[in-house]
Amino acid sequence: MEKEEKKFVNKAEEDEMEIYGYDLCRWKLVLVTVGVICSGGFLLLLLYWMPQWRVKATCKRTTLKDCEVVLLRTTDEFKIWFCAKVRLMPSLGANPLQNPNPIIHKVSNGHAVHFCESAAEENKNDLKKYLPIRYFTHHSVKYFWNDSVQSFDVVRGLDESTFCSSIHNEHSTGLTKGMHDYRKAFYGVNEIAVKVPSIFKLLIKEVLNPFYIFQLFSVILWITDEYHYYALAIVIMSVISIVSSLYTIRKQYVMLHDMVAAHSIVRVSVCRGNQEIEEILSTDLVPGDIMLIPSNGTIMPCDAVLLSGTCIVNESMLTGESVPVTKINLPNPSEYPKAMGDEIYSPEVHKRHTLFCGTNVIQTRFYTGELVKALVLRTGFSTAKGQLVRSILYPKPTDFKLYRDAYLFLLSLVVVAGIGFLYTVVNSILNEVPAHTIIIESLDIITITVPPALPAAMTAGIVYAQRRLKKIGIFCISPQRINICGQLNLVCFDKTGTLTEDGLDLWGIQRVENARFLLPEERACSESLLKSEFVACMATCHSLTKIEGVLSGDPLDLKMFEAIGWILEEATEEETALHNRIMPTVVRPSKQLFPESKQATNQEMELFELSTSYEIGIVRQFPFSSVLQRMCVIARVLGEKRMDAYMKGAPEVIASLCKQETVPVDFECVLEEYTKQGFRVIALAHRKLESKLTWHKVQTINRDAIESNMDFMGLIIMQNKLKQETPAVLEDLHKANIRTVMVTGDNMLTAISVARDCGMILPQDKVIIAEALPPKDGQAARINWHYADTLAKCTSSSPAINSEDIPVKLVHESLEDLQMTKYHFAMNGKSFAVILEHFQDLVPKLVLHGTVFARMAPDQKTQLVEALQNVDYYVGMCGDGANDCGALKRAHGGISLSELEASVASPFTSRTPSISCVPKLIREGRAALITSFCVFKFMALYSIIQYISVTLLYSVSIL
């Protein structure tokens, strides 16, 4: 056959693989069967350990189009081989997202099949109407044959290449029963199935390990040679090792299964194409279904985009922050063509409108009897939760130098054993030794040279270290990782809940009057400020909501609202059903805040109650956007004709949107003073809106029209307290020459200030922010460099630092110069993604000096760990949320401070949520590593001495 061009699956993705097609070859199969019989089953074991040999020994190469078996190889540094069987599936069409129209369909084998019946008129008994679709399954993902690219490809959901307008106009009516069944054939059952293997299966898999096979061979040989006691000792050690390993592996599977299985199958209501509502199991959902979200909430069984209504969601499973988030429906661009342009839907960009699998919808809100609907985008292992579980089930192998060198040394021992084997055979034949004795003596040389007891002996230090870790509250589910922890020279820390306390505290406020800062004030709930615009902004500009009567939302918003002592009242379901969708949330001061009247008459009391009925209705909310770094609300005071716009956000951004005459001259100096002290600073602004803006006009107005010409009102200063033990632990790590890095989902400036506060970045050190911009309007991707201290003064057009002066040039120069540099790089998740894609050559240099990585998504945390490992760091990761799962699993030593989802992925779990466990683990790891190394040296030396002695004794025919 002609040599086929090299094909790939998951091209340019993290799990990219080369793919080759093979067909079963009968004569090769016969030869392999003969070989297996002649070798006593050893060839079968060899083919079991080497999938590429198995496929090449039993199959012949063919094109992917016609193959029966595919051979896959990862394109990373590990080059791991996998094989999978290609299966056939009958289907009415080749694309699940298109209707199976009555047209000529080209099928995978190149022939055309014509059928006229639609999905509703199909006759299931007539198989001629179906197309044979070829697919294979690898790591819980199905790959279908794609004729257009002449390769296998993953079937995508509605989360890719779908415009926001088409989500509303084409996909909002639901699927017919026939279309649902057609799609289900491709997407399969909507479940994240984690099968717990039987003990027998696990036992077979464990026992077929090369070391255990060699031990079995050695034990049989020793018993034949009447070497009973040592053989018995090896058997006992091996049994204990196997039982311990089986218990640990099964426990991991059960924990993961229980985590995934919880609420994974629920009953859901879906809208069919004929507007009927049907109740089905969540396992039957497919992309394109319209799911009704119940008012009392549910655990999301899939990824979906909200089409109507509002949801309050707890996303702790994904973000690690157990803070309820308000999700609003995806706006329809075709309804407001002037206000917003059409764009391709993206789960990352449109996160405010997306409900992710595994997250908890606490409650929903609907208006005028309208149902809360969501369009299913992804199901099963394609969902956000599914990808997280896959990263746990199929982690990348960890490369550890000690084990790699140990295997190379054992390989050299095998070569030495082979020489001894041949020497003994030849020497015994020349000395006319009986055949039975020759076989036993020559094979005995191999078991002496390659010590079968080596794995058991090397685990001795690990077992004792594990026991000591358990006593100090650190639990381990992967004992082999203890040794690796002894070599950790870099530790990544999550910020919130790991380095710092979970909550924020209000330190004070600093108002502005007549473009001048007033003195800082500790309390914002004084009588003089009660009806001020500053307090009105604090009362209205937030995303708080009531869940079962309890105020919930972002901790920052919560602290800000609690500081003024106001009350929030939301419209009930009955009220929203009676009124229209603009029924506002109302905030008002509590009566205790008003000055009390002494011995007031009844008439005076009535007047007092009228004066205290100061209420503000929140008419419209523009939610906080991490891209824009601000949020805005439109509100109206009860009885007032004109509405007000209130805005809060990053001080630099808010100041740029205000009238310059209202911003104090010393604004940048004051802000810099607070940020240097590690405070989280939020700026407030206000604007009185025109009287022509009615309630209905406000609902459709563009955000940019509101967020301009604002009056600067002042600053709110928040404090994110470090955990008491954080600075001391980080200092211990620095003294031990272990580098520390912060990887957080929080704001960049906050992360930098916390890094300075905890000693991760010393006061005299400079922080350079790398702001990478993707290609746009024909311009190539570029990186702007700014000093963190002068970020407010910089613009993208005039970077603070010339790229030629960046200290990455010194990375490979002398150590003395490197120590003098004292630079730290900081970047956010978006910049990190652009650098990974467009500036690959800069990645090693940036991660060598990168200390703060902010706004990092869960998969980006994993990518960072891999980038650090690529520059030869032994990386530890310490986190407390499910968003850290991938990084915890990928790191050489992952330490979870939570006993929830993160503990399933993490090799180590600390019972006390404190980073003080990190130096303790490294200490125990070093002790275990030294023990293992010494045992290895002893066993190797013991084997060589015994090998030389026995060979000499055999040669003089004493034995």
Side-chain angles (χ1 to χ4, degrees), residues 490-505 507-508 520 556 629 650-652 668-682 715-771 785-794 800-801 806-807 818-829 831-832 846-856 864 878-879 915 918:
L490 183 146
V491 183
C492 297
F493 292 97
D494 183 33
K495 184 182 78 69
T496 311
T498 304
L499 295 173
T500 65
E501 302 287 353
D502 277 320
L504 285 160
D505 293 316
W507 181 84
L556 189 148
Q629 292 187 302
E652 305 90 349
E668 288 176 358
C669 298
V670 172
L671 176 63
E672 190 175 347
E673 196 60 39
Y674 282 126
T675 51
K676 277 186 175 178
Q677 293 176 55
F679 289 114
R680 174 106 177 248
V681 185
I682 293 119
L715 306 170
I716 297 174
I717 300 102
M718 311 288 286
Q719 196 173 19
N720 190 198
K721 288 181 181 175
L722 283 172
K723 285 185 178 177
Q724 195 175 350
E725 65 279 359
T726 297
V729 170
L730 293 181
E731 191 181 354
D732 282 351
L733 293 173
H734 289 159
K735 283 178 181 175
N737 286 327
I738 295 169
R739 197 180 137 201
T740 52
V741 170
M742 187 189 295
V743 193
T744 177
D746 209 338
N747 177 275
M748 167 83 76
L749 293 173
T750 308
I752 292 170
S753 67
V754 169
R756 285 196 182 278
D757 213 20
C758 67
M760 201 176 274
I761 298 172
L762 298 175
Q764 68 271 19
D765 294 355
K766 288 281 184 186
V767 178
I768 297 172
I769 293 176
E771 183 194 1
W785 309 91
H786 311 287
Y787 282 116
D789 299 340
T790 56
L791 186 65
K793 302 170 190 174
C794 301
I801 314 166
I806 300 298
L818 199 60
Q819 293 300 321
M820 288 169 65
T821 310
K822 295 294 179 185
Y823 282 99
H824 300 265
F825 289 114
M827 67 192 77
N828 60 24
S831 295
F832 183 69
L846 284 171
V847 296
L848 277 169
H849 282 278
T851 302
V852 175
F853 296 86
R855 296 282 184 225
M856 296 286 275
L864 175 64
C878 185
I915 66 165
V918 175

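We're numbering straight along the sequence, starting at 1. Because the structure is a prediction, the values reported are computed rather than measured.
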Side chain to side chain donor-acceptor pair (under 3.5 Å) partners of S831, counting only residues at least two apart: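 Listed in chain order: N828.
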
[X] vs [Y] side-chain heavy atoms within contact, under 4.5 Å:
X    : Y    : answer
V754 : T744 : no
V729 : K723 : no
F493 : L730 : yes
V847 : L864 : yes
V918 : I738 : no

[atom1] of [X] to [atom2] of [Y]: how many Å apart, nearest 0.5 Å?
X    : Y    : atom1 : atom2 : answer
L499 : M760 : CG    : CE    : 5.0 Å
H824 : M742 : NE2   : CE    : 11.5 Å
Y674 : L715 : OH    : CG    : 7.0 Å
T851 : R739 : OG1   : CZ    : 5.5 Å
D765 : Y823 : CG    : OH    : 10.5 Å
M827 : L846 : CE    : CG    : 4.5 Å

Least distance between heavy atoms, [X] atom then [Y] atom:
X    : Y    : value
G850 : V741 : O-CG2, 3.6 Å
T726 : C758 : CG2-CB, 3.8 Å
D494 : T498 : O-CB, 3.1 Å

From CA spacing to verdict: side-chain contact (heavy atoms from CB on, under 4.5 Å), V491, I915: CA-CA 11 Å; V491 183; I915 66 165; over 6 Å; no

With E725 via salt bridge (charged side-chain N to carboxylate O under 4.0 Å, His left out) - residues at least two apart: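 Testing E725 for salt bridge (charged side-chain N to carboxylate O under 4.0 Å, His left out), a comparison that skips the adjacent residues, returns none.
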
